[in-house]
Amino acid sequence: GSAAFLGGDEHGGQAHGGDLMTCAECVDFRAWCLLCRALDVTRYVEIGTFLGDSARKAAKLIECSVVTIDPTNGENFGRWHDGPSEADIVYLTGRSQDPAILNAALEALGGFVDAVFMDGDHSVPGLTADFRLWWPRATKLMGIHDILNPEVPGPQAWWENGPDPLPVDRLRLWGPGGQGIGVLFK
């Protein structure tokens, strides 16, 4: 696979005077969104939402409809803002490996998804289960967050040794504040 460093300190980590950046603020996530936009992604699934910042950023930068999936969707939103208000974002509460959640996501997006961004279960078995369920449904690409994050070893191990076979067409994105995004192309 190829790699693309997006400027600044290639070690990623913290930025903005030592404040931890959210995924949505990272250069690698912006590059992911612009890649999705360049590939004309119109229907997008985000697995693992937490505060919803990256879902809102994806909807804005890609200009697409977004479905987010998280076991705690909605529980964390009030801590940081008034809650989701975007008409193009559907927040589903549940496990990404649940076929009922898959069906609800596909229904919300009109039957198909162009891109899937995996930032939920960071264990190798969890990533493998998400990949096996969602990769066949993605029509264009899939992103795996945290592939360069030493504090979360699952995504890196999955990226390096993942399900056999991983698609040949793949790319690593990283930049200041980011933890790396692995991109798999259809």
Side-chain angles (χ1 to χ4, degrees), residues 4 6 8 12-16 19-39 41-97 101 104-105 108-109 113-122 126-127 130-131 134-135 137-138 140-149 151-152 154-156 158-159 171-184:
L6 306 169
Q14 296 186 354
H16 294 274
D19 294 331
L20 187 62
M21 298 172 71
T22 66
C23 174
E25 296 170 322
C26 297
V27 173
D28 52 3
F29 187 75
R30 290 182 57 82
W32 158 256
C33 289
L34 295 174
L35 178 62
C36 287
R37 186 173 177 166
L39 293 174
V41 166
T42 61
R43 293 176 170 104
Y44 179 95
V45 168
E46 178 178 279
I47 297 171
T49 305
F50 191 52
L51 298 174
D53 294 335
S54 55
R56 287 188 300 280
K57 181 72 77 174
K60 180 179 178 182
L61 289 177
I62 303 170
E63 297 181 0
C64 65
S65 296
V66 174
V67 170
T68 72
I69 301 166
D70 195 279
T72 62
N73 249 343
E75 292 177 18
N76 298 306
F77 296 132
R79 293 194 344 221
W80 298 97
H81 53 78
D82 294 332
S85 60
E86 296 80 6
D88 288 339
I89 301 177
V90 174
Y91 295 84
L92 297 177
T93 302
R95 305 274 311 152
S96 56
Q97 294 123 8
I101 290 292
L109 293 172
V113 57
D114 293 317
V116 176
F117 184 69
M118 294 183 359
D119 192 19
D121 187 336
H122 284 63
L127 288 160
D130 280 335
F131 175 79
W134 290 93
W135 177 249
R137 276 95 181 157
K140 297 183 181 186
L141 71 164
M142 176 177 272
I144 298 88
H145 191 239
D146 290 323
I147 64 163
L148 300 174
N149 184 345
E151 296 178 17
V152 186
Q156 184 172 7
W158 187 90
W159 182 256
L171 170 74
R172 288 183 309 158
L173 301 173
W174 79 97
Q179 298 300 331
I181 297 173
V183 181
L184 304 173

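The analysis underlying the following values was restricted to heavy atoms, covering all of them including side chains, and did not include hydrogens, waters or symmetry mates.
- Atom CD1 of Ile101 is separated from atom OG1 of Thr93 by 7.5 Å, given to the nearest 0.5 angstrom.
- Trp135 meets the ring pair (Phe, Tyr, Trp, His ring centres under 6.0 Å) test with Phe131; sequence neighbours excluded.
- For the atom pair CD1 (Ile144) and NE2 (His122), the distance works out to 11.0 Å, reported to the nearest 0.5 Å.
- Annotation: the span from Trp32 atom CH2 to His145 atom NE2 amounts to 11.5 Å, rounded to 0.5 Å.
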request  = Take Asp121 and Gln97, measure what side chain to side chain contact (heavy atoms under 4.5 Å, CB included) needs, and give me the verdict at the end.
outcome  = CA-CA 10 Å; Asp121 187 336; Gln97 294 123 8; 4.0 Å; yes

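- Taken from CG in Leu92 to CD1 in Ile47, the straight-line distance is 11.0 Å, to the nearest 0.5 Å.
- Partners of Asp114 by salt bridge (Lys or Arg N to Asp or Glu O under 4.0 Å), not counting sequence neighbours: none found.
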message = side chain to side chain contact (heavy atoms under 4.5 Å, CB included) for Ile69 and Trp134? Distances and angles first, verdict last.
response = CA-CA 12 Å; Ile69 301 166; Trp134 290 93; 3.5 Å; yes

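- For Arg137, there are no salt bridge (Lys or Arg N to Asp or Glu O under 4.0 Å) partners at least two apart in sequence or on another chain.
- Atom CG of Leu141 sits about 8.5 Å away from atom CG of Leu184, to the nearest 0.5 Å.
- Aromatic ring orientation, Tyr44 versus Phe117: parallel (interplanar angle below 30°, classes split at 30° and 60°).
- Between the Glu63 side chain and the Arg37 main chain, no donor and acceptor come within less than 3.5 Å of each other.
- Listed for the Asp28 side chain is a donor-acceptor partner under 3.5 Å among the backbone atoms of Gly180.
- Of all heavy-atom pairs between Cys33 and Ala58, the closest is SG-CA, 3.8 Å.
- Rounding to the nearest 0.5 Å places CD1 of Ile181 at 13.5 Å from CE of Met142.
- Minimum heavy-atom separation, Asp130 to Ser96: OD1-OG, 2.5 Å.
- In terms of heavy-atom proximity, Ile147 sits nearest to Gln156 at O-CB, 3.1 Å.
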